[in-house]
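The structure appears right after this line, and notes come after that.
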Amino acid sequence: MERYTREEAAWRAGVSVEALDPLVGMAILAPDPDGRFSEGDVRRIGVAYRLEAAGIPLDLLADALRTGDLTLAFMDDTAYGVFSSLTSETFEGLSERTGIPMSLLAVVREATGSAAPAPGDRVREDEMAIVPLLEHQMAHGYRPFILERNVRVAGDSLRRIAETSGDAWNSEVTEPLFAKGVRGSQIREALNEVSSGMTDLDERALIAIYRGQQNHVFMANILGAFEAMLAKTGRRVMVERHPAMCFLDITGYTHLTQERGDVAAADLASTLARLVERTSVQHGGRAIKWLGDGVMLYFKDPGPGVEAALEMVAGVAHAGLPPAHVGLHAGPVVFQEGDYYGQTVNVASRIAEYARPGEVLVSHEVVAAADGAGATFHEIGPVELKGVSGAMRLYAAIRES
């Protein structure tokens with residue numbers, strides 16, 4: 001195990017050498033007989049001062065460690081390698097060396113959950129691991145603003161994964177141990193029993209899910225490229241297929257959560273998420289983002305989108321949730337940073353607002369593209385929608401028996 005001098009440990013942790021003295025004096029850090037520090041000690045330095053910044057005084061932390069009520073020994077475990085040390089290179093120097101714009105390097109730091117850096121700030125080891133990919137992509141013609149978008153979306157998505165995993169760790173591992181009265185060194189042993197080897201398994205599982213999602217995206221890209229090449233050589237006429245945007249809202253969601261509390265809101269959200277994810281994927285769609293009282297979905301083809309909407313409304317009722325109402329509209333959309341924008345999205349949202357509880361309303365554009373959707377459509381007449389110029393022909397979709 002590599003050991004560091006006092007100066008090296010402070011340098012890796014990004015603090016002054018003098019900042020180590022109070023930690024050693026209060027036995028928060030325990031250097032070896034030669035006065036050298038481990039990588040776990042470097043992590044403990046950062047954690048101790050972050051705890052202090054969060055309102056836990058160092059002397060209070062030291063007292064809890066001394067009595068065995070708390071422990072920082074787990075920082076030696078390999079799983080806590082996520083507490084990355086600093087490198088010797090600054091962001092400004094890295095930009096000059098690699099040609100990667102400072103704006104893109106700043107997004108890298110933001111994507112890992114920290115505030116944007118100053119040019120003279122040192123780069124962390126985990127951030128440095130992202131740089132070779134950006135260099136490779138820029139060398140092959142990727143524009144910096146496209147890479148910024150990629151990094152931002154990856155950071156946001158992985159943040160949500162990390163938060164969800166962390167919440168599960170607390171509820172399923174840490175809190176039950178505290179409830180049993182486990183503390184100090186005992187809790188480290190108990191936590192290590194669960195975490196041992198889990199980091200590698202977790203990373204392998206995430207990569208497997210990512211590869212599976214890439215499978216679908218790559219296939220869509222292959223299909224699009226082949227269609228374009230066939231059309232260019234006159235072998236096939238391109239058929240423009242506009243996607244459908246769908247908004248599903250839960251009637252009275254806000255009132256329900258206020259009435260029943262946060263636990264009921266979490267249960268409702270979990271049940272709805274499972275239903276929406278399963279049904280949308282079965283019909284070639286996907287949930288794009290969750291809103292305060294519902295969800296926005298994308299469907300490549302409007303017909304399956306109608307089928308999914310009808311199934312989701314029925315599923316919501318069957319699950320005993322408050323009734324859902326849905327709006328769909330088909331047309332061109334703009335895809336950017338993992339989200340969809342444009343008038344089609346706005347109109348679909350307005351249609352959903354107009355729909356009554358338990359109702360699926362669609363535009364004329366959806367009806368025209370929804371052959372074989374397993375639904376019948378009843379026109380409810382021209383409708384004036386808020387924020388939409390001119391009256392729209394709307395239809396109520398009903399499942400065929």
Side-chain angles (χ1 to χ4, degrees), residues 79 81-82 107-108 111-113 126 129-130 132-134 136-137 140 142 146-169 171-172 194-229 241-248 269-291 294-309 311-312 315 333-341 345:
V82 295
V107 171
V108 169
T112 59
D126 57 352
I130 302 169
L133 173 62
L134 300 180
H136 179 86
Q137 290 171 322
H140 288 81
Y142 279 67
I146 293 292
L147 296 182
E148 285 189 25
R149 182 188 70 182
N150 288 358
V151 173
R152 286 187 191 280
V153 171
D156 181 61
S157 300
L158 292 171
R159 172 189 56 78
R160 292 165 60 191
I161 292 171
E163 288 176 347
T164 303
S165 297
D167 181 67
W169 176 265
S171 66
E172 306 307 304
V194 181
S195 66
S196 180
M198 197 165 79
T199 299
D200 289 339
L201 295 174
D202 183 47
E203 291 178 356
R204 285 165 57 187
L206 283 176
I207 291 296
I209 295 170
Y210 179 53
R211 294 297 185 216
Q213 292 289 351
Q214 282 185 313
N215 180 308
H216 297 288
V217 173
F218 286 7
M219 192 62 236
N221 286 346
I222 292 168
L223 175 61
F226 274 42
E227 284 183 333
M229 286 188 288
R241 296 171 296 190
H242 286 311
M245 300 306 301
C246 171
F247 283 83
L248 179 147
S270 178
T271 302
L272 182 62
R274 289 194 300 269
L275 171 65
V276 167
E277 293 288 355
R278 181 176 64 249
T279 307
S280 60
V281 169
Q282 287 174 346
H283 292 278
R286 64 182 185 276
I288 301 303
K289 60 183 176 183
W290 292 88
L291 309 167
V295 59
M296 182 180 91
L297 302 106
Y298 168 93
F299 292 92
K300 182 179 179 181
D301 295 315
V306 173
E307 293 182 26
E311 288 186 22
M312 285 188 288
V333 293
V334 176
F335 177 78
Q336 187 175 6
E337 296 189 7
D339 203 351
Y340 289 88
Y341 302 89
V345 177

(request) May I ask you to decide if E277's main-chain N or O and S280's side chain share a donor-acceptor pair within less than 3.5 Å? (result)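 Present.
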Answer whether the closest heavy-atom distance between the side chains of [X] and [Y] falls below 4.5 Å.
| X | Y | result |
| --- | --- | --- |
| V194 | E172 | no |
| L206 | I161 | yes |
| V345 | D339 | no |

(message) Other residues, nucleotides and ligands only: do more than 12 of their heavy atoms fall within 6.0 Å of OH on Y341?
(response)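 Atom OH in Y341 is packed in, count exceeds 12.
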(message) With a 6.0 Å cut-off (strictly less than), is the heavy-atom count around CZ of F335, excluding the residue itself, greater than 12?
(response)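 More than 12 within 6.0 Å, yes.
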Could you measure the distance from the [atom1] atom of [X] to the [atom2] atom of [Y]? Nearest 0.5 Å is fine.
| X | Y | atom1 | atom2 | value |
| --- | --- | --- | --- | --- |
| L134 | N150 | CG | CG | 9.0 Å |
| T271 | L275 | OG1 | CG | 9.0 Å |
| R286 | M296 | CZ | CE | 9.5 Å |
| H283 | E311 | NE2 | CD | 3.5 Å |

How close do [X] and [Y] get, counting heavy atoms only, and between which atoms?
| X | Y | result |
| --- | --- | --- |
| V107 | R152 | CG2-NH2, 3.3 Å |
| F299 | C246 | CE1-CB, 4.0 Å |
| S270 | R274 | OG-NH1, 2.8 Å |
| V333 | P243 | CG2-CG, 3.9 Å |
| V276 | L297 | CG1-CD2, 3.5 Å |
| W169 | S195 | CH2-CB, 3.9 Å |

(request) Could you give me the CA-CA distance, side-chain angles and deciding distance for I146 and Q137, then say whether side-chain contact (heavy atoms from CB on, under 4.5 Å) is met? (result) CA-CA 10 Å; I146 293 292; Q137 290 171 322; over 6 Å; no
(message) Is it the case that the side chains of R160 and T164 hold a donor-acceptor pair, with the cut-off being a distance below 3.5 Å and no angle test?
(response)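 No.
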(request) Show your reasoning for whether side-chain contact (heavy atoms from CB on, under 4.5 Å) applies to V295 and L272. (result) CA-CA 9 Å; V295 59; L272 182 62; 5.5 Å; no
